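In what follows, a structure is listed as structure tokens, so that the remarks can point back to it.
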Number of protein chains: 4
Amino acid sequence: MIMDVKRTPKGVRTKQRIISSSIELIHGKGIENVTLNDICSASGIAQGTFYHHFKSMDGILLEIIRGEGEEISALMESIEELSASEKLETLLKTLFRYYEQKGKEIVSQLYRLELKPEGGPSIIEEYLPIRPLIDRVIRKGQESGEFSKGESPDFLCSLLTSQIIFQSFLWIRSPCDASFSSFADKAVEPVIKLIKS
Amino acid sequence: MIMDVKRTPKGVRTKQRIISSSIELIHGKGIENVTLNDICSASGIAQGTFYHHFKSMDGILLEIIRGEGEEISALMESIEELSASEKLETLLKTLFRYYEQKGKEIVSQLYRLELKPEGGPSIIEEYLPIRPLIDRVIRKGQESGEFSKGESPDFLCSLLTSQIIFQSFLWIRSPCDASFSSFADKAVEPVIKLIKS
Amino acid sequence: MIMDVKRTPKGVRTKQRIISSSIELIHGKGIENVTLNDICSASGIAQGTFYHHFKSMDGILLEIIRGEGEEISALMESIEELSASEKLETLLKTLFRYYEQKGKEIVSQLYRLELKPEGGPSIIEEYLPIRPLIDRVIRKGQESGEFSKGESPDFLCSLLTSQIIFQSFLWIRSPCDASFSSFADKAVEPVIKLIKS
Amino acid sequence: MIMDVKRTPKGVRTKQRIISSSIELIHGKGIENVTLNDICSASGIAQGTFYHHFKSMDGILLEIIRGEGEEISALMESIEELSASEKLETLLKTLFRYYEQKGKEIVSQLYRLELKPEGGPSIIEEYLPIRPLIDRVIRKGQESGEFSKGESPDFLCSLLTSQIIFQSFLWIRSPCDASFSSFADKAVEPVIKLIKS
DNA sequence: GATGAATGAGATTTCATTCAT
DNA sequence: AATGAATGAAATCTCATTCAT
């Protein structure tokens with residue numbers, strides 16, 4: 001596999017194609033039923049080519065999960081100057097969009113991976129650091145006086161984080177095609193009120 | 001395969017052996033990693049014998065792990081006459097004990113099963129009905145005036161449920177041997193205060 | 001794979017067929033060029049069947065090597081009552097026959113396996129215990145007065161063993177079809193004279 | 001590929017780098033486990049670059065390991081004028097030092113290569129010509145009357161050669177760090193006595 | 001001179017299942 | 001009731017090599 005090497009535009013394009021084909025396949029038939037062969041057929045590449053771009057079948061999954069995970073952190077960097085309220089709102093919006101873009105299949109796979117007996121480093125902690133991000137925003141908000149100090153930041157952070165995760169659980173399980181926002185919003189809103197008030 | 005035919009004691013014993021071996025295996029390596037071969041080796045039977053007792057592998061593992069959850073509902077039948085506060089306390093205590101008795105392995109199994117793409121009926125909803133139970137208790141408490149009506153029962157229920165699930169996540173991932181209570185208590189306590197106040 | 005299980009005559013026959021096909025193939029195209037597919041085609045079995053009888057591709061090689069290796073030891077048991085000279089003769093004859101039956105390919109593979117960097121337990125020590133067997137015979141012969149005590153048994157044993165191994169080296173490398181005996185005899189004979197005299 | 005064309009200094013350097021990386025790899029993991037990918041990673045080149053410098057993988061590894069043996073023949077040129085005993089002693093000393101300098105890894109590589117099914121010209125015969133060298137020394141010694149003529153030179157040569165090879169086998173397999181001399185000396189000494197007397 | 005992209009045949013292994021005994 | 005034999009599709013991964021840039 002290619003390690004830290006220069007990639008040509010062509011290579012980048014191919015890799016992207018593989019990833020998007022894979023995402024589509026995962027949505028279509030469920031992650032456990034997607035085979036290497038499927039991916040290669042869908043991407044129009046040879047199996048060897050797959051291994052030119054990815055370490056293994058597990059590897060691509062991680063790359064998919066990571067994908068915009070990295071962007072989330074990056075995005076948070078650039079909103080430093082906003083007010084705490086706006087930050088919180090942006091964070092949640094970004095998060096929700098992440099969920100929706102990935103889709104139920106991949107989000108559930110993310111959780112399943114996280115819950116695997118073997119353990120290993122937490123994927124969520126690394127690529128989808130919901131809690132630390134929320135924590136920072138709440139603390140800043142309390143410091144600046146924007147958010148109420150009625151409850152400890154730890155508690156509020158726990159409340160919001162757990163609510164998001166729990167709602168994503170329900171969303172994953174729900175048979176309907178409703179967006180994640182439509183699940184999360186109504187549950188998250190009161191928590192936000194609690195944070196602000 | 002054996003249909004509704006007379007079974008010899010020996011047959012019954014063998015079948016039981018298969019089931020209990022399977023349970024052990026599931027706990028040990030996770031339901032998705034248990035193969036027919038594993039089961040047969042563990043049970044000391046030939047592969048053919050398995051098919052003498054079961055139609056296929058599909059289902060038996062699922063059936064087995066479902067059995068694990070049946071107990072809790074029964075446990076909750078008998079607390080009707082208590083006060084809302086006591087009920088809530090008992091419910092949580094029972095729940096926490098359930099988690100601890102089952103252990104991280106099985107609880108994470110349960111979640112992973114729940115998150116499995118194929119769907120199927122929700123195992124948690126059916127066998128570990130945290131939310132409905134909590135919901136009932138909170139509603140009763142508000143009706144009887146014991147609990148504050150400052151927040152909607154839906155919201156409070158969601159808060160508590162999500163907190164428990166989230167904490168169990170953290171507990172499962174934690175490398176230490178701390179009891180589940182030690183995780184959950186400190187996070188749940190403020191929520192309860194919120195419910196009561 | 002079948003572990004310590006009863007095997008039906010049919011199974012035994014199949015397994016034997018696989019082994020002999022494999023030996024033939026190894027002789028024919030060299031051990032590194034024999035694939036699972038080759039073996040299965042030659043034996044007329046499905047690939048799965050191979051794994052019913054053998055743990056892995058490496059596994060069959062070990063079984064092939066072992067094969068009569070076990071018989072050698074067994075055979076030595078049954079000649080206890082012979083004279084030392086006769087024992088020595090029988091031992092060498094058996095050994096030479098072993099080499100010839102296995103053929104150059106397999107014997108060389110045995111050595112190559114033995115010389116592998118990874119180490120692991122000595123295959124030769126375990127399955128083709130030339131040295132211990134020779135050692136015992138020489139000691140017995142000296143004790144009983146049949147063999148001369150002019151040289152230490154250790155030295156004589158080392159002489160004979162090394163000679164056999166060295167000659168097998170030459171034999172393996174030789175392009176002609178000469179039998180191993182024709183190589184070994186002329187080199188071993190003087191050593192035997194030395195032992196006896 | 002580069003044929004007999006002008007090479008730039010950069011090209012020469014790259015080629016040299018490929019070769020030395022390969023040598024290291026061979027020593028490290030055994031010639032048959034070195035892949036093109038290994039070589040390229042180790043050399044820090046792209047796979048295509050390899051084919052810019054070499055026609056194919058076949059041969060280059062072999063060629064490299066052969067280079068290892070070239071030295072010893074040269075070393076033996078200069079002892080013509082010594083007495084037979086001294087020659088023998090020098091020869092053995094040189095040989096033993098050769099083994100020790102190369103180390104177990106390479107010596108076993110050499111043997112394994114020698115035993116490789118494909119055959120090809122004997123590497124040992126060509127580059128580590130133990131037997132011819134010993135043979136010459138013994139014959140000279142018998143001719144000059146220095147060594148006893150009690151046994152045929154062929155037999156004595158075979159005895160000594162096989163002993164050295166056999167002991168090197170044992171040395172390679174031994175897990176301890178003892179020098180090769182400490183293995184060989186005690187086994188070789190009686191043979192030398194036999195040659196001289 | 002050097003590179004990354006792409007190949008595709010081929011290798012080993014897994015596994016749920018059927019069958020004859 | 002129980003068993004070992006046999007299956008064969010399918011899965012993942014390896015690797016030397018060619019090619020366009």
Side-chain angles (χ1 to χ4, degrees), chain A residues 1-2 5-15 34-40 44-58, chain B residues 1-2 5-15 34-40 44-58, chain C residues 1-2 5-15 34-40 44-58, chain D residues 1-2 5-15 34-40 44-58:
Chain A
M1 210 215 28
I2 302 176
V5 198
K6 271 177 278 175
R7 286 149 205 251
T8 62
K10 193 183 172 195
V12 174
R13 248 178 296 130
T14 303
K15 183 166 184 178
V34 176
T35 72
L36 176 61
N37 214 334
D38 292 335
I39 294 176
C40 293
I45 56 160
Q47 299 200 232
T49 307
F50 178 90
Y51 285 92
H52 180 66
H53 293 286
F54 303 94
K55 216 192 181 78
S56 71
M57 276 295 271
D58 284 352
Chain B
M1 203 201 67
I2 302 177
V5 202
K6 272 180 285 178
R7 289 152 200 232
T8 64
K10 193 182 173 194
V12 173
R13 246 179 297 128
T14 303
K15 185 164 182 179
V34 175
T35 71
L36 177 60
N37 208 335
D38 291 333
I39 294 178
C40 294
I45 58 162
Q47 303 205 202
T49 308
F50 178 90
Y51 285 90
H52 186 67
H53 292 285
F54 302 92
K55 195 170 172 172
S56 83
M57 275 212 70
D58 286 353
Chain C
M1 209 217 30
I2 301 176
V5 198
K6 271 179 277 175
R7 286 149 204 251
T8 61
K10 193 183 173 195
V12 174
R13 245 177 297 131
T14 303
K15 182 165 184 179
V34 176
T35 73
L36 176 61
N37 214 335
D38 292 335
I39 294 176
C40 293
I45 56 161
Q47 301 202 208
T49 306
F50 178 90
Y51 285 92
H52 181 67
H53 293 286
F54 301 94
K55 216 192 183 78
S56 71
M57 276 295 272
D58 284 352
Chain D
M1 204 202 66
I2 301 176
V5 201
K6 270 180 286 176
R7 293 157 198 232
T8 64
K10 193 182 172 193
V12 174
R13 246 179 298 129
T14 302
K15 185 165 183 179
V34 176
T35 72
L36 177 60
N37 208 335
D38 292 334
I39 294 177
C40 294
I45 57 162
Q47 304 204 199
T49 308
F50 178 90
Y51 285 90
H52 185 66
H53 292 285
F54 302 93
K55 194 169 173 172
S56 83
M57 274 212 71
D58 285 353

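From a predicted model like this one, the values you see are computed outputs, not experimental measurements. To find a chain, count down the sequence lines: A is the first, B the second, and so on, and within it residues start at 1.
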Students often get this wrong, so: under 4.0 angstrom with heavy atoms, is D:Thr49 touching a base, only sugar-phosphate, or nothing?
base
What is the separation between atom CZ on D:Phe54 and atom P on F:dT18, rounded to the nearest whole Å?
16 Å
Measure the distance from CE on C:Met57 to P on E:dA11 and round it to the nearest whole Å.
9 Å
Value for NE2 (C:His52) from OG1 (C:Thr14), rounded to nearest 0.5 Å, stands at 8.5 Å
Please determine whether a side-chain nitrogen or oxygen atom of A:Thr14 lies at a distance below 4.0 Å from atom OP1 or OP2 of E:dA6.
yes
Indicate whether OP1 or OP2 belonging to E:dA2 is found under 4.0 Å from a side-chain N or O atom of D:His52.
no
Shortest non-hydrogen separation from A:Ser56 to A:Tyr51 and the atoms involved
CA-CE2, 4.0 Å
Return the value, rounded to whole Å, for the distance between atom OH of A:Tyr51 and atom P of F:dC15.
13 Å
Nearest-nucleotide comparison on DNA chain E, the residue closer to the 5′ end among A:Lys15 and C:Thr35:
A:Lys15
Taking the side chain as everything from C-beta on, heavy atoms only, tell me whether B:Met57 gets closer than 4.5 Å to B:Ile39.
yes
If you compare all heavy atoms of C:Cys40 against all heavy atoms of C:Gln47, which two are closest, and at what distance to 0.1 Å?
SG-CA, 3.6 Å
Counting a pair only when it is Watson-Crick or G-U and both distances are under 3.5 Å, which runs of at least 3 such pairs involve DNA chain F?
E:2-21 with F:2-21
Find the distance between NZ (B:Lys15) and NE2 (B:His53) and round it off to the nearest 0.5 Å.
8.0 Å
Residue whose closest nucleotide on DNA chain E lies nearer the 5' end, A:Thr8 versus C:Gln47
A:Thr8
Got a sec, which residues hit side chain to side chain donor-acceptor pair (under 3.5 Å) with A:Asp38, two or more places apart in sequence or on another chain?
A:Lys29, A:Thr35
Just call it for A:Gly11: base, sugar-phosphate, or nothing, with non-hydrogen atoms closer than 4.0 Å on any strand.
sugar-phosphate
A:Lys10 NZ to E:dG4 P: how many Å, rounded?
14 Å
Starting from P on F:dT17, measure out to CD1 on D:Ile39 and report it in whole angstrom.
11 Å
Between C1' on F:dA9 and CG on A:Asn37, what's the gap in Å once rounded to a whole number?
12 Å
Separation of D:Leu36 atom CG from F:dT18 atom P, in whole Å?
11 Å
To the nearest Å, give me how far apart NE2 (A:His53) and P (E:dA6) are.
5 Å
By nearest-heavy-atom nucleotide on DNA chain F, the more 5' of A:Asp38 and B:Gly48 is B:Gly48
